[in-house]
Engineer: 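Below is one structure. I have some questions about it.
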Number of protein chains: 4
Amino acid sequence: MEGQPQKLPNARQRSQIETRTRLLDVAAHLFAKDGCNKTTTKNLASQAGVAVGTVYLHFGDKDTLLQELLKTAISHLKQEMGKISPGETDGFSLVQAKMNGLANFARRFPALAAVLFDPVNLASPAGQDAANFLTKSQENGLMAGISAGYYRGDLHSGLAARALVGILVQILGWWARNPQAASQTEIVEILTELRMNGLKSQG
Amino acid sequence: MEGQPQKLPNARQRSQIETRTRLLDVAAHLFAKDGCNKTTTKNLASQAGVAVGTVYLHFGDKDTLLQELLKTAISHLKQEMGKISPGETDGFSLVQAKMNGLANFARRFPALAAVLFDPVNLASPAGQDAANFLTKSQENGLMAGISAGYYRGDLHSGLAARALVGILVQILGWWARNPQAASQTEIVEILTELRMNGLKSQG
Amino acid sequence: MEGQPQKLPNARQRSQIETRTRLLDVAAHLFAKDGCNKTTTKNLASQAGVAVGTVYLHFGDKDTLLQELLKTAISHLKQEMGKISPGETDGFSLVQAKMNGLANFARRFPALAAVLFDPVNLASPAGQDAANFLTKSQENGLMAGISAGYYRGDLHSGLAARALVGILVQILGWWARNPQAASQTEIVEILTELRMNGLKSQG
Amino acid sequence: MEGQPQKLPNARQRSQIETRTRLLDVAAHLFAKDGCNKTTTKNLASQAGVAVGTVYLHFGDKDTLLQELLKTAISHLKQEMGKISPGETDGFSLVQAKMNGLANFARRFPALAAVLFDPVNLASPAGQDAANFLTKSQENGLMAGISAGYYRGDLHSGLAARALVGILVQILGWWARNPQAASQTEIVEILTELRMNGLKSQG
DNA sequence: TATGAATGAGGCTTCATTCAT
DNA sequence: GATGAATGAAGCCTCATTCAT
């Protein structure tokens with residue numbers, strides 16, 4: 001090995017443990033850019049500097065790779081949401097903090113966010129868990145808000161949760177792909193306002 | 001002749017326009033059920049009781065067929081929206097009427113609605129027009145509302161329009177596929193409320 | 001009929017007997033421009049202002065249509081060659097007269113010439129007759145020339161005939177498609193010279 | 001293992017380069033026999049003992065495969081022509097040597113010659129390079145001959161080159177497909193004679 | 001672990017031809 | 001004779017996946 005001429009670092013030169021990580025990383029970026037369906041495993045492999053077979057060695061199939069990606073995304077999202085001060089109990093502040101957590105996730109992991117907030121992925125079999133998590137956590141938040149009196153008691157929480165996920169997918173998925181198109185403040189503001197006050201003027 | 005076994009009347013016996021209509025109808029249902037990408041032209045043709053070539057005779061290619069479908073959907077949607085009484089000027093009532101128009105469309109043309117409110121279709125080249133129409137009409141509504149003072153003047157209308165489209169796609173697309181899962185009243189209510197008051201309790 | 005509004009003359013308005021002629025004419029031009037294989041029967045029919053079925057009514061299939069075209073071409077060619085004065089007995093003058101006859105044909109019927117001198121057509125089953133005619137007539141001319149002492153007695157006439165056909169296909173087929181690129185005089189000269197003296201300088 | 005039935009070594013056991021070579025070889029023979037258009041990729045693959053995908057793995061598409069074939073043919077042809085003694089300066093001998101080089105190529109690589117001297121291929125987009133090479137090299141030879149005084153100064157070299165290519169396509173293309181129908185001597189003789197003296201008797 | 005040539009089912013599209021009107 | 005919607009075999013190409021090295 002020491003006799004080898006200098007090369008750009010490729011898969012062999014890097015730690016094997018890194019391979020899996022790099023594959024996930026490259027996959028996140030390609031899936032974010034072109035979508036999972038339009039990203040071929042061959043392209044993914046070559047971008048990652050490994051052979052196609054290696055992808056299958058690590059993930060079994062493309063679907064599992066997507067699942068892993070979504071799992072990772074959810075994990076980072078949870079971590080971000082976990083940073084919210086538990087003292088936050090005021091309705092508006094709490095929602096704002098949550099929306100900020102979501103936006104933080106999208107800003108820090110734009111590729112993962114683009115993959116997570118991609119309706120195609122959420123609708124695929126591999127995305128069931130992620131979709132359920134998003135819907136459930138929205139629904140839980142809503143139900144907690146109802147219990148606490150922040151939200152109307154007659155709210156159809158399932159339906160509302162669905163709508164909220166739609167907003168997140170549309171806004172955060174877009175923002176993750178176009179971070180320069182809006183500031184985090186704007187994103188958090190629209191998400192919070194829409195949830196708390198709708199669009200109506202504060203008359 | 002009398003000895004011949006009964007034959008189903010084949011496509012050649014049916015009129016051209018009937019075939020085209022049937023193809024659009026079958027395509028709408030298949031695209032609604034499985035998505036455009038997972039619907040093969042062969043399957044579409046056989047479900048419609050015609051040969052593959054017939055699909056291409058009528059639509060040139062799959063993309064054009066999708067476009068036709070979306071055009072039809074938009075046309076029905078516009079028609080439904082056109083029924084709104086022009087006297088409706090009150091903010092809440094107007095929004096409610098609009099949401100009801102959308103829901104009417106989804107109820108009356110569930111397959112077309114499922115195709116129209118499918119993010120994959122809206123993101124495809126064939127869906128550009130439809131996507132633009134949806135976004136523009138949301139944005140126009142928002143700007144009219146701002147002018148009329150119903151909505152906050154500092155609303156980032158592009159961002160808000162995006163969010164609203166996300167809600168429609170999520171709620172109406174889902175409802176079109178699962179009409180039994182919610183009543184039209186519930187759908188209209190959540191759409192209207194979310195837009196006018198957000199989710200917070202009317203305290 | 002008299003009550004009909006004026007229309008561009010289409011198949012119905014023209015004599016039915018003309019239909020066949022028009023089909024042959026349009027086919028000649030399309031085959032000349034794009035080749036037989038790239039000309040679809042649908043396109044042919046629409047250019048001729050008739051329905052696809054009509055093509056099949058008149059010619060049975062595409063191959064037969066090509067055959068008819070080649071037959072017509074050969075017929076015109078023969079007619080042109082028949083104009084050569086039977087008194088022409090001198091070797092050079094005779095060849096020149098023949099080459100001029102060929103060039104006349106190509107000039108007067110450029111589309112037919114382009115179809116006839118198209119190697120793809122000559123190689124197709126439908127072109128066997130035409131190919132044989134061309135080769136045979138070249139060979140006959142050569143053998144006559146040999147008998148008359150104008151050509152070398154040890155000439156491999158089959159081989160030479162093949163070469164001559166190659167020249168005709170290449171030169172006349174090209175000229176038929178690009179009549180402006182060379183004058184008839186130049187065409188006749190090169191064909192005659194090549195045959196009589198080769199390319200060698202007259203030293 | 002010993003219980004396993006004997007298997008033909010499949011493509012996977014063979015080296016990449018071997019497969020590519022075999023594909024080119026089989027393609028050359030099929031294209032020579034039936035023409036490129038009538039050779040299906042499926043048939044090509046099965047004749048080569050590989051799956052369809054393998055063809056596309058190696059060549060991207062059918063056109064590129066044809067190009068490779070033509071490139072190879074030109075390369076062999078150039079090699080053959082390169083063997084001509086540079087001392088050959090006499091007009092007749094030089095032409096004879098060149099014609100012999102061409103015939104050597106056709107004799108040694110009959111399939112490639114049949115593909116190269118196929119007017120359909122030369123007219124296709126993939127054949128542009130090859131067609132240009134053939135025409136150009138004929139034209140160069142002619143212009144050199146004119147300079148050296150071997151050919152008439154008033155020769156329309158573009159037209160003459162066209163005629164010469166026509167002869168080569170017709171004679172060598174045919175001979176490559178029917179090697180038994182004429183001896184190399186005959187081929188070289190007719191090509192040389194036609195070019196140097198035409199067909200007339202040496203009176 | 002890693003490789004990457006090979007696989008082959010399956011998708012989209014074309015077009016010569018038919019046949020009921 | 002004429003029509004033209006319909007047919008369907010067949011072609012080209014893609015890409016997730018496998019497996020011998």
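These numbers come from the heavy atoms of this one structure, side chains and all, not from hydrogens, waters or symmetry mates. Note that the coordinates shown come from a computational prediction; the quantities given were computed from them, not determined experimentally. Residue numbers start from 1 in every chain, and the chains themselves are labelled A, B, ... in the order their sequence lines are given, proteins ahead of strands.
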Engineer: Return the nearest nucleotide to the side chain of B:Val52; candidates are E:dT13, F:dT3, F:dC15.
Structural biologist: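 Among the listed nucleotides, the one closest to the side chain of B:Val52 is E:dT13.
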Engineer: Distance check needed: F:dT14 C1' versus A:Lys42 NZ, whole Å only.
Structural biologist: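 Result: 10 Å.
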Engineer: Taking only the side-chain nitrogens and oxygens of A:Lys62, find out if one of them lies under 4.0 Å from OP1 or OP2 of F:dA16.
Structural biologist: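 Yes, within the criterion.
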Engineer: How far apart are the C-alpha atoms of B:Gln67 and B:Phe59, what are their side-chain angles, what is the distance that settles it, and do they pass the side-chain contact (heavy atoms from CB on, under 4.5 Å) test?
Structural biologist: CA-CA 10 Å; B:Gln67 260 183 66; B:Phe59 301 102; over 6 Å; no
Engineer: Whole angstroms only, please: what is the CZ-P distance between B:Arg22 and F:dA5?
Structural biologist: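 Spelled out: CZ on B:Arg22 to P on F:dA5 is 15 Å.
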Engineer: Please state whether the phosphate of F:dT7, meaning OP1 or OP2, lies under 4.0 angstrom from any side-chain nitrogen or oxygen of B:Thr54.
Structural biologist: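 True: B:Thr54 side-chain N/O within range (under 4.0 Å) of F:dT7 OP1/OP2.
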Engineer: Just compare F:dC15, E:dA16, F:dC12 and give me whichever is closest to any side-chain atom of C:Tyr56.
Structural biologist: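 From the listed options, E:dA16 comes nearest.
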Engineer: Suppose we define a pair by two distances each less than 3.5 Å, Watson-Crick or G-U wobble; what does E:dT21 pair with here?
Structural biologist: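 Looking at the geometry, E:dT21 pairs with F:dA2.
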Engineer: CG of B:Leu44 versus P of E:dG10: gap in Å, rounded?
Structural biologist: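 Interatomic distance, CG of B:Leu44 to P of E:dG10: 18 Å.
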Engineer: How long is the line joining CD of D:Gln16 and C1' of F:dA20, in whole Å?
Structural biologist: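 Going from D:Gln16 (CD) to F:dA20 (C1'), I get 15 Å.
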Engineer: Only pairs with both distances under 3.5 Å count, Watson-Crick or wobble alike; so what is the partner of E:dT14 in this structure?
Structural biologist: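 E:dT14 is paired, partner F:dA9.
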Engineer: Look at the side chain of C:Thr41 and decide which nucleotide, out of E:dC12, E:dT7, E:dT17, has an atom nearest to it.
Structural biologist: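 The listed nucleotide nearest to C:Thr41's side chain is E:dT17.
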Engineer: Select from D:Gly60 and B:Gly53 the residue whose nearest nucleotide in DNA chain F is closer to the 5' end of that strand.
Structural biologist: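 It is B:Gly53, whose closest nucleotide lies nearer the 5' terminus.
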Engineer: What closest approach, in Å, do B:Ala126 and B:Leu66 show between heavy atoms, and which atom pair accounts for it?
Structural biologist: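 Closest approach of B:Ala126 to B:Leu66: CB-CD2, 4.0 Å.
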Engineer: Figure out the CZ/C1' separation between C:Phe59 and F:dG1, and round it to whole Å.
Structural biologist: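 In whole Å, F:dG1 C1' lies 14 Å from C:Phe59 CZ.
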Engineer: Among A:Val120, A:Leu30, A:Thr72, A:Asn121, find the residue that satisfies the side-chain contact (heavy atoms from CB on, under 4.5 Å) test when tested with A:Val115.
Structural biologist: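 Result: among A:Val120, A:Leu30, A:Thr72, A:Asn121, A:Asn121 is the only option passing the side-chain contact (heavy atoms from CB on, under 4.5 Å) with A:Val115.
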Engineer: In terms of side-chain heavy atoms of A:His58, which of F:dT17, E:dA5, E:dA2 is nearest?
Structural biologist: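 For A:His58, the side-chain atoms sit closest to E:dA2.
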Engineer: Kindly say whether A:Cys36 contributes a backbone atom to a donor-acceptor pair with the side chain of A:Lys62 at under 3.5 angstrom?
Structural biologist: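 Judged by distance alone, yes, a pair lies under 3.5 Å.
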Engineer: Pick the nucleotide of DNA chain E nearest each of D:Leu57 and B:Lys38; which residue has the one closer to the 5' end?
Structural biologist: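 That would be D:Leu57.
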Engineer: Given side-chain contact (heavy atoms from CB on, under 4.5 Å), test D:Leu24 with D:Leu65 step by step and report yes or no.
Structural biologist: CA-CA 7 Å; D:Leu24 284 170; D:Leu65 171 54; 3.7 Å; yes
Engineer: Looking at C:Thr40, does any N or O in its side chain come under 4.0 Å of the phosphate oxygens OP1/OP2 on E:dT14?
Structural biologist: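 Checking E:dT14 against C:Thr40, no side-chain N or O comes under 4.0 Å of OP1 or OP2.
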